[in-house]
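Worksheet: one structure, shown below.
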Amino acid sequence: MSHNRRCRTRRSPHSCRLFRATQQVRKNLMFISHPAFDQHKLVTARYDRASKLNAIIAVHNDNRGPAIGGCRIYPYGSSEDALRDVLRLSRGMSYKTAIADIPYGGGKAVIIADPEREKSPALLQAMGEFVESLAGLYITSFDSGTTLDDVRTIATATSFAAGISEEAFDASESTADGVFACLKAAAAHGLGTDKLSGVTVAVQGVGSVGRRLVRRLHEAGARIILSDINRTSAEQVAAEYHCEIAEPGEIHRVEADIFSPNALGGGLNSRTIPEIRARTVVGGANNQLETSADDLALKHYGILYCPDYLANAGGIINLHYQLSNWDQDALGKHIDRLAETFMEIMERAKTLRLPNGEVADRIAEERFSALGAGR
Ligand code: NAD
């Protein structure tokens, strides 16, 4: 029985309000005591019975501007899994917007549902209403499990949706541009050449970002080995761009110069890192490191790592230009600056003898903490 129904059937209006407030406080306490909470500004959840919306929005930091971040739809095994994911993703967006130097903070939304079977216009509209209820504190967009069309449907119920401007192009193109620019910078640093001809790249995941990256790598003459848990996608992309296919459980340990994670997070961990043969890791997936200790582990194994939120910031930079003045040249130059930032991080890391991830975190934290009176 839902809380609302319990309120309606058993309690006076006053005790009902009190009951709801208590429930909200309990929910907040659950959020606040979560190990991934990290001083979030706001975490809020909504269940809508009619549309079956079961969603969480997290706003990590808004010192630089309104929090922005995509809406992920995923069939999480539990609400605890969804909460952990949204908190990690939202925090990551604060670092991403800061490192990309755009005037936004970090936020994220997740919907607990199977995007293949449970996504419906009613569900997306209800999500739009949820976003609208925060009055601009959080701006949503697409992520894994949501398409541009889905964001257009969400936008029928909120004015705080980004990435759907008619004149702009799909932000995933810009994400792939950023990953590609960082990948070339890593090759220049680690392999002594930014020409990717003959360089072998192992690509994990060929969804929106991965397959666009594969196109760029193919055009640059790289040898590509790819994997995707969706065998049909893997075969289609491999056939189009003359790639080899590896099993999903094997891709991180194939013989390659660069490993590029473009699936879901947590792929760099204590099990996989010792097995990685590539000396360089650059990819578009969010939250590639399972724990912060994995940053140091990569350094320990002599693997050059491009911080994920830097490599994949091209998409959010695209959204920034869509929300302000669309200027394709300025967008391209801004994305190229990601590679320059990566070079700067590598230099600082060498001087300070720190892992790249920690140096990137320090730069981002300086930027998003300095602007407000505490986080
Ligand atoms: P997507 O859902 O379109 O693609 C993900 C692909 O990875 C799918 O084809 C899926 O089958 C595959 N996959 C899942 N688990 C796998 C595994 N274990 N091994 C191999 N393949 C696997 O998502 P996307 O939009 O391409 O995003 C990919 C990643 O990049 C996500 O982490 C997302 O948060 C991040 N990201 C995306 C964008 C963007 O512009 N789309 C921007 C920034 C970050």
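Every number for a ligand or one of its atoms is a count from 1 in the order of the listing. Just so you know, residue 1 is the first one in the sequence shown, and it goes up from there.
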What's the shortest distance from [atom] to any protein heavy atom, and which residue and atom give it?
atom: atom 3 (O) of ligand 1; value: S208 N, 3.0 Å
atom: atom 17 (C) of ligand 1; value: I229 CG2, 3.7 Å
atom: atom 41 (N) of ligand 1; value: S172 OG, 3.2 Å
atom: atom 28 (C) of ligand 1; value: N262 O, 3.3 Å
atom: atom 2 (O) of ligand 1; value: S144 OG, 3.1 Å
atom: atom 4 (O) of ligand 1; value: G207 CA, 3.2 Å

Does L268 belong to the same Ile/Leu/Val/Met/Phe/Trp/Tyr cluster as I225, with side-chain heavy atoms less than 4.5 Å apart forming each link? yes
Tell me whether [X] has any N or O atom under 3.5 angstrom from an N or O of ligand 1.
X: Q204; answer: no
X: V209; answer: yes
X: P248; answer: no
X: D228; answer: yes
X: L264; answer: no
X: N312; answer: no

What's the shortest heavy-atom distance between A220 and F180, and which atoms? CB-CZ, 3.9 Å
Looking at [X] and [Y], would you say the former's side chain and the latter's main chain have a donor-acceptor pair under 3.5 Å?
X: Q288; Y: G283; answer: yes
X: S94; Y: G105; answer: no
X: T153; Y: D149; answer: yes

Exactly one candidate in L83, D85, L87 meets side chain to side chain contact (heavy atoms under 4.5 Å, CB included) with I56; the answer is L83
Any [X] heavy atom less than 4.0 Å from ligand 1:
X: A263; value: yes
X: G265; value: no
X: S233; value: no

Who gets closest to atom 34 (O) of ligand 1 by heavy atom: I316, N286, I251, D85? N286
Between [Y] and [X], is there a salt bridge with N-O shorter than 4.0 Å?
X: D228; Y: R211; value: no
X: R223; Y: E255; value: no
X: E80; Y: R84; value: no
X: K108; Y: D143; value: yes

Of all the atoms in ligand 1, which lie at a distance below 4.0 Å from a heavy atom belonging to [X]?
X: K96; answer: 43 (C)
X: G284; answer: 30 (O), 35 (C), 36 (N), 44 (C)
X: T175; answer: 38 (C), 39 (C), 40 (O), 42 (C), 43 (C)
X: R72; answer: 31 (C), 32 (O), 33 (C), 34 (O)
X: G205; answer: 7 (O), 20 (C), 21 (N)
X: D143; answer: 34 (O)

How far apart are the C-alpha atoms of S292 and D295, what are their side-chain angles, what is the distance that settles it, and do they pass the side-chain hydrogen bond (donor to acceptor under 3.5 Å, both in side chains) test? CA-CA 6 Å; S292 54; D295 186 25; over 6 Å; no
Please report the C-alpha distance between H252 and Q204 in whole Å, then the side-chain angles of each, then the deciding distance to 0.1 Å, and finally whether the side-chain hydrogen bond (donor to acceptor under 3.5 Å, both in side chains) criterion is met. CA-CA 8 Å; H252 67 282; Q204 180 183 49; 5.7 Å; no
R211 contact mode with ligand 1 (heavy-atom cut-off under 4.0 Å): neither
Y74, OH: over 12 other non-hydrogen atoms inside 6.0 angstrom: no
Evaluate the ring planes of H320 and H334, with Trp represented by its six-membered ring, and classify them as parallel (under 30°), tilted (30 to 60°) or perpendicular (over 60°). perpendicular
